[in-house]
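See structure below.
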Amino acid sequence: MTESPSVLSEFKDGVQTITLNRPDRLNAFNEDMHLALRGHLAAAAKSVETRAVLLTGAGRAFCAGQDLADEQMDAADAPPDLGYTLETFYNPLIRQIRALEKPVICAVNGVAAGAGANIALACDIVLAAQSAKFIQAFSKIGLIPDAGGSWLLPRLIGEARAKALALTAEPLQAQSAADWGLIWKALPDDSLMEEAQTLAKQLAGGATTGLALTKQLMQEAAGQSLDEHLDRERDAQQQAGRTNDYREGVAAFMEKRPARFSGT
Ligand code: LHQ
């Protein structure tokens, strides 16, 4: 019997769908899964045909975070170096998602716990099944919210809610996550994937450079003054204005027809 790959990847309609695939472990991360995901994201970043990425999980969970049964996590003898694990695997992954010059949509199909929750939140647009929940599980095992969680959470939902979620590890239902502004939408379970694919396809047909610059600008904004940021907007708009897609967008508007963006 050949072992199934820990991450699946499929291309259709300009969208690279990447599926975490260790369902027996609720798609918890081990080294193999990290390396596979990194490879698929790098390929998606490089491919001219890929103009949007859709990340989801196989089975009943999105991702339960770090695989706590992995030998690297064994705290029985000498304490493991979790800083090394973050530096080597999680931090590059979060940076890779944020730097990808294409929209990354996350379809949270079930529970997202620990680093699994924060990997989802690092994506550009997060949709979740109504039955899904987000759990900052770290405090239950004596850890801190990683994979960008302690940075993202207070920015997305404010310090009061962020601290309470992280300190209590209380599960947050998808609908509340949407109501709080932690994610974009909670959707009925049976329509999640269809809606996520429709959205991904729509973005894959968009003006790719403009979308990438929009993502970058919003991510940078938190660390800049308005004055600095106005300069960044000027430069980005200058770049967007030089694309074929800008020309096509204006022509389509004038001709009262849908734009056919090429992504160039
Ligand atoms: C798992 C896991 C899992 C292994 C479920 N590992 N097997 C940490 C350290 C180092 C550096 C990097 O950063 C991190 C970040 C982290 O992510 S730390 C946080 C790790 N995650 C958690 O603490 C979550 C642990 N899991 C849970 O709390 C529950 O499984 C949730 C709430 C996700 C789901 O609960 P249930 O729906 O009741 O499912 P279950 O608990 O029965 O799990 C099903 C199976 O999956 C079970 O295995 P079994 O052989 O009994 O069927 C679990 O052991 C396994 N599993 N999460 N992270």
Side-chain angles (χ1 to χ4, degrees), residues 3-8 18-38 41 55-98 106-123 126 128-154 156 162-177 182-183 186 189 192:
E3 210 183 326
S4 71
S6 56
V7 180
L8 306 172
I18 300 178
T19 306
L20 306 178
N21 187 40
R22 297 184 75 221
D24 296 348
R25 286 283 169 99
L26 304 189
N27 302 319
F29 272 89
N30 61 8
E31 183 170 335
D32 177 64
M33 193 160 120
H34 270 293
L35 295 177
L37 178 57
R38 185 182 298 181
L41 286 170
L55 179 65
T56 191
R60 70 178 177 90
F62 170 68
C63 175
Q66 169 65 36
D67 186 335
L68 296 172
D70 196 75
E71 59 182 25
Q72 276 195 13
M73 302 302 297
D74 191 354
D77 298 325
D81 184 349
L82 302 188
Y84 171 85
T85 311
L86 288 182
E87 185 65 20
T88 312
F89 299 110
Y90 288 89
N91 292 356
L93 171 61
I94 299 302
R95 291 186 174 115
Q96 194 178 20
I97 292 170
R98 303 289 279 190
C106 187
V108 180
N109 52 300
V111 65
N118 296 335
I119 289 165
L121 299 178
C123 296
V126 187
Q130 299 274 9
S131 67
K133 46 195 176 179
F134 295 82
I135 312 176
Q136 295 295 320
F138 309 88
S139 62
K140 284 205 167 172
I141 54 170
L143 297 181
I144 59 102
D146 60 20
S150 61
W151 188 90
L152 264 179
L153 284 166
L156 290 171
K163 278 185 184 161
L165 280 185
L167 297 177
T168 65
E170 206 173 281
L172 184 70
Q173 294 296 332
Q175 190 56 59
S176 303
L182 187 66
I183 64 168
D189 288 20
L192 172 73

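Just so you know, these numbers use all the heavy atoms, side chains as well, and skip hydrogens, waters and symmetry mates. All ligand and atom numbering here is 1-based and tracks the order in the structure.
By the definition of a contact as any protein heavy atom under 4.0 Å away, atom 10 (C) of ligand 1 is in contact. By the definition of a contact as any protein heavy atom under 4.0 Å away, atom 13 (O) of ligand 1 is in contact. Contact annotation for atom 7 (N) of ligand 1: protein present (non-hydrogen atoms, distance under 4.0 Å). Note that atom 30 (O) of ligand 1 has protein non-hydrogen atoms nearby, at separations under 4.0 angstrom. For atom 49 (P) of ligand 1, the nearest protein heavy atom is 4.0 Å or more away. For atom 38 (O) of ligand 1, the nearest protein heavy atom is 4.0 Å or more away.
Taking every heavy atom of both residues into account, A147 and I119 meet most closely at CB-CG1, 4.4 Å. Between T19 and A58 the shortest heavy-atom distance is CG2-N, 3.6 Å.
For ligand 1, the atoms sitting less than 4.0 Å from at least one non-hydrogen atom of G65 are 17 (O), numbered in the order shown with element in parentheses. Interface of D24 with ligand 1, defined as ligand atoms under 4.0 Å from a residue heavy atom, comprises 45 (C), 46 (O). Numbered from 1 in the order shown, with element, the atoms of ligand 1 that lie under 4.0 Å from a heavy atom of L86 read 11 (C), 12 (C), 13 (O).
Between V111 and ligand 1, not a single N/O pair is under 3.5 Å apart.
Comment: R22 does not engage D32 in a salt bridge, judged by the lack of any side-chain N to carboxylate O separation of less than 4.0 angstrom.
Under 4.0 Å from ligand 1, the heavy atoms of I135 that appear belong solely to its side chain. Only the side chain of F138 comes within 4.0 Å of ligand 1, counting heavy atoms alone; its backbone N, CA, C and O stay farther away.
The closest non-hydrogen atom to atom 15 (C) of ligand 1, taken over D67, D146, L143, comes from D146. Here atom 21 (N) of ligand 1 lies nearest to A64 when heavy atoms of A61, S139, A64 are compared.
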